[in-house]
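Right, one structure below, let's go through it.
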Amino acid sequence: MSLPETQIPAAEASARKLTMVEALREALSEEMRRDERVILLGEDIGIAGGFGGAFTVTLGLAEEFGHRRVVDTPISEAAIAGVAAGAAAGGLRPVADVQYGDFLFIAMDQLANQAAKLRYMSGGKISVPMVMRAPVGATTRGSQHGQSLEAFFTHVPGLKVACPSNPYDGKGLLKTAIRDDNPVIFFEHKLLYGSKGARKEAGGIEVLGHVPEKEYLIPFGQAKIARPGRDITIVANLLMVHRSLQAARILAERGIEAEVIDVRTLVPFDWDAVAESARRTRKLMIVEEDNLTGGWGAEVAARIGDICFGHLDAPIRRVAAPDTPVPFAPVMERFYIPSTDTIVATAQELVSSY
Amino acid sequence: MSASTLDKTQKAGMFRRMVLCRKFEERVYYLFLEGRLPGTVHQSAGQEASAVGVCSALVEGDVITSTHRPHSHAIARGLPVKSLMAELFAKSTGCCRGKGGSMHLGDLALGMLPAIAIVGGGIPLATGQALAFQYLGRKNIAACFFGDGAANIGTFHEAINMGAIWNLPVVYICENNKYGASTSVDKVMKVEHVSERAAAYGIPGVTVDGNDVEAVHRAMWSATERARTGSGPTLLELETYRFSGHSRSDPGHYRPQEEVAAWKQRDPVALYEKALTDQGILTEEEARQIHDSVEKELEEAVKFAEESPSPAAEDCLSDVFA
């Protein structure tokens, strides 16, 4: 299905730069042109004069593909997810959409009990090739429009979980997700979309990225070393990849070379890449925007602690949001989301104390 | 075997299916009492006319969705009884290879999605199946079974509304057996009939005697015609009654004895047998032969299931992902 990695055009192979929104939209339209079975389902995604979904990802697609394939739904998240699963079992490849990831809780039964388990309960006779796209991340919208939800879904057997940090990965992973024969929860970080320009909440992160014109897919389960380093491994996803890279630049000025690994997909997870790096640097930290307790980082810490026990010189440290709902006030939200400063301080402490 | 008017062969076939449903449940009941089956079971004796009447209006390629009480639906849809019995015995020859069990009977290739044991959980799935049929230009329909209890869960509203606004080829079938577990429908619903709720979605709502198999067939036939011709869903309410408790351990003390007795007077299998013999469609001898052949089929199914291999323990690790 996917090309060998050596044949995947590198991001820098093209001078063209796109936002995440443009890259995702291109992935959708390429896959819709390629495969008639791909349809989109969601709220406000194809309304003429509307906004192309909450973050403009589907803008213009109804004009190209028509309302038969870009299907506007009522505000009915449980049915959106369940109809997508039923249509997938019936031979389509639906890409469903919720406006904010927080609304996935409404759809949780359909995702966790139906989509994820139909194949298993049928003894392997059914495939459910659907994608559920969901924006995550805190952006001064408070507790119900800013959560990071990855851990809820990594815990459910039968669901794959993708979480791109840049336009290049976003496009390549979304195309892979659409061609995957399993349900995929596809998390997109709101501050990385670029649909509203470089937002100051993003902390000066470059939202444009190189995206080759030539078609490519990025396989699931292959983490990327976003920055090589010898002194400590920092594993992150989504926005936290960027914060970790910023931290690594500051650490480098202090003589500490941090290796930053972008997991790209959480299910399947590239255990080999993280274990290899951790064995090499002998120190590991995980950065996630989710609440600390039971986050995906806890699983990484437990597994790497197990398989790399003798190779580590320091405890595995997690930098995550505190165990509170997402606050609204910008001053509180800045405290809540792992900051570059916290990442720097944690890495420095691990390197200097052990 | 579908037609708006039924011929003798079709009627005899429907009667045999009903007897098969009934005797299957009787066997299963005793197999459980004898400790030969693991888990629990939600039985459907008393609801055969609903299952068979609905499925008799379906054609190849149509898909049903079912509930935690799926035995009669699976039999009525024509899944091999051996594969159903083997699934209850948790054998690798079961329709779900031992991974589903009583509450998830099904085989999509044979027109039944694995039954969904979350109340109301199958309503969006059936709607999605119907969306696929419509999109792919197939003439098939989805038939979505659920109970009166599901009429009060959110997916009922969300999914039926979607089916309605998109004119999907789906029939929503509420088997109103008067109780959600031990709770009487009167306690949890202000309207008299679930079918009244169809008005909220702008689709027809019809209440039918769910113990009259030919009445169910006719109502389902009209609903399928409507669905197949692009006119959209129907909400069909079939009034029926389960003769057993909610699940294996439930003696059903919450139901008045007189009520149970009154419904047993309207036993759908007995009613249909009497109707067919009264009308001279079946002789008593032919009816007896049907009973005998069903017993034999079930005997063979139990033997097949018992002699089938168990799955390997580590088979639990496969089929998570495609």
Side-chain angles (χ1 to χ4, degrees), chain A residues 36-39 41 67-69 71-94 96 106-110 112-130 156-160 180-184 220 267-268, chain B residues 63 65 87 92 94-101 103-109 113-136 138 140 142 144 153-163 165-166 168 170 311 315-316 318-322:
Chain A
E36 183 79 16
R37 296 170 301 171
V38 178
I39 63 163
L41 278 174
H67 294 285
R68 180 171 162 265
R69 298 186 70 189
V71 183
D72 286 295
T73 67
I75 302 171
S76 301
E77 283 84 4
I80 290 170
V83 164
L92 304 188
R93 292 187 168 269
I106 303 162
M108 203 63 176
D109 171 61
Q110 291 298 320
N113 273 327
Q114 326 304 346
K117 294 180 174 60
L118 273 174
R119 180 170 190 82
Y120 193 80
M121 298 192 305
S122 70
K125 293 181 180 178
I126 294 179
S127 296
V128 186
M130 63 174 279
V156 180
L159 298 178
K160 293 188 176 180
D180 199 290
D181 283 334
N182 300 285
V184 178
F220 279 14
V267 181
Chain B
V63 169
T65 63
E87 188 63 30
S92 61
C95 58
C96 304
R97 298 173 181 152
K99 283 196 167 116
M103 286 193 276
H104 303 302
L105 296 181
D107 191 332
L108 188 55
L113 206 66
I116 297 301
I118 306 294
V119 170
I123 309 178
L125 295 177
T127 307
Q129 282 276 343
L131 177 66
F133 288 143
Q134 184 191 63
Y135 184 87
L136 296 169
R138 300 218 182 110
N140 288 115
C144 176
I153 202 163
T155 49
F156 171 94
H157 172 66
E158 290 192 12
I160 297 180
N161 183 55
M162 264 187 209
I165 58 172
W166 297 334
L168 294 181
V170 53
D315 286 349
C316 83
S318 62
D319 301 324
V320 178
F321 288 109

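Protein chains get the first letters and strands the later ones, always in sequence-line order, with residue 1 at the start of each. Hydrogens, waters and symmetry mates play no part in the numbers below; they use all other heavy atoms, side chains included.
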Heavy-atom proximity to chain B below 4.5 Å, by part of A/Val267: side chain
CG on A/Leu118 to CD1 on B/Ile116, rounded to 0.5 Å: 5.0 Å
Chain B contacts, top residue of A/Pro183, A/Ser127, A/Ala89 (heavy-atom pairs, under 4.5 Å): A/Ala89
Contact class of A/Lys117 relative to chain B, heavy atoms under 4.5 angstrom: neither
Interchain contact, A/Glu36 with chain B, by part (heavy-atom threshold 4.5 Å): both
Distance-only donor-acceptor check, side chains A/Arg69 and B/Tyr135, under 3.5 Å: yes
Side-chain donor or acceptor of A/Gln110 paired with backbone N/O of B/Gly121 under 3.5 Å: yes
Options B/Lys99, B/His104, B/Arg97, ranked by heavy-atom pairs under 4.5 Å with chain A, top entry: B/Lys99
Rounded distance (nearest 0.5 Å) linking atom CG of A/Asp109 with atom CD1 of B/Ile153: 7.0 Å
Structural part of A/Ile80 lying under 4.5 Å from a heavy atom of chain B: both
Max heavy-atom pair count under 4.5 Å with chain A, selected residue of B/Pro311, B/Ala132, B/Ser92: B/Ala132
Leading residue by heavy atom contact count with chain B [cutoff under 4.5 Å; candidates A/Ala79, A/Pro74, A/Pro129]: A/Ala79
Side-chain (A/Lys125) to main-chain (B/Pro114) donor-acceptor, under 3.5 angstrom: no
Distance in Å, A/Thr73 OG1 paired with B/Asn161 CG, rounded so as to fall on 0.5 Å steps: 10.0 Å
Most contacts with chain A, counted as non-hydrogen pairs under 4.5 angstrom, among B/Val63, B/Leu108, B/Asn140: B/Leu108
Pair A/Ile126-B/Leu113, side-chain contact (heavy atoms from CB on, under 4.5 Å): steps then yes or no: CA-CA 9 Å; A/Ile126 294 179; B/Leu113 206 66; 3.9 Å; yes
A/Gly158 versus B/Val320, closest heavy-atom pair with distance: N-CG1, 3.4 Å
Contacting moiety of B/Ile165, where chain A heavy atoms sit under 4.5 Å: side chain
Lys/Arg cation over aromatic B/Phe321: A/Arg119, 6.0 Å, 45° cone: no
Contacts of type ring pair (Phe, Tyr, Trp, His ring centres under 6.0 Å), residue B/Phe133, not counting sequence neighbours: none
Winner by heavy-atom pair count (cut-off under 4.5 Å) against chain A, out of B/Asp315, B/Asp107, B/Thr155: B/Asp107
Residues which pass side chain to side chain contact (heavy atoms under 4.5 Å, CB included) with B/Gln134, listed by chain and number, not counting sequence neighbours: B/Leu131, B/Leu168, B/Pro169
Rounded distance [0.5 Å steps], SG in B/Cys96 versus OH in A/Tyr120: 12.0 Å
Heavy-atom donor-acceptor pair, B/Glu158 side chain to A/Ala78 backbone, under 3.5 Å: yes
Check: A/Asp181 side chain, B/Ala322 main-chain N or O, donor-acceptor pair, under 3.5 Å: no
Toward chain A, the part of B/Ser318 with a non-hydrogen atom under 4.5 Å: backbone
Heavy-atom neighbours of A/Ile75 CD1 exceed 12 at 6.0 Å: no
CG on A/Leu92 to CD on B/Gln129, rounded to 0.5 Å: 9.0 Å
Contacting moiety of A/Val128, where chain B heavy atoms sit under 4.5 Å: neither
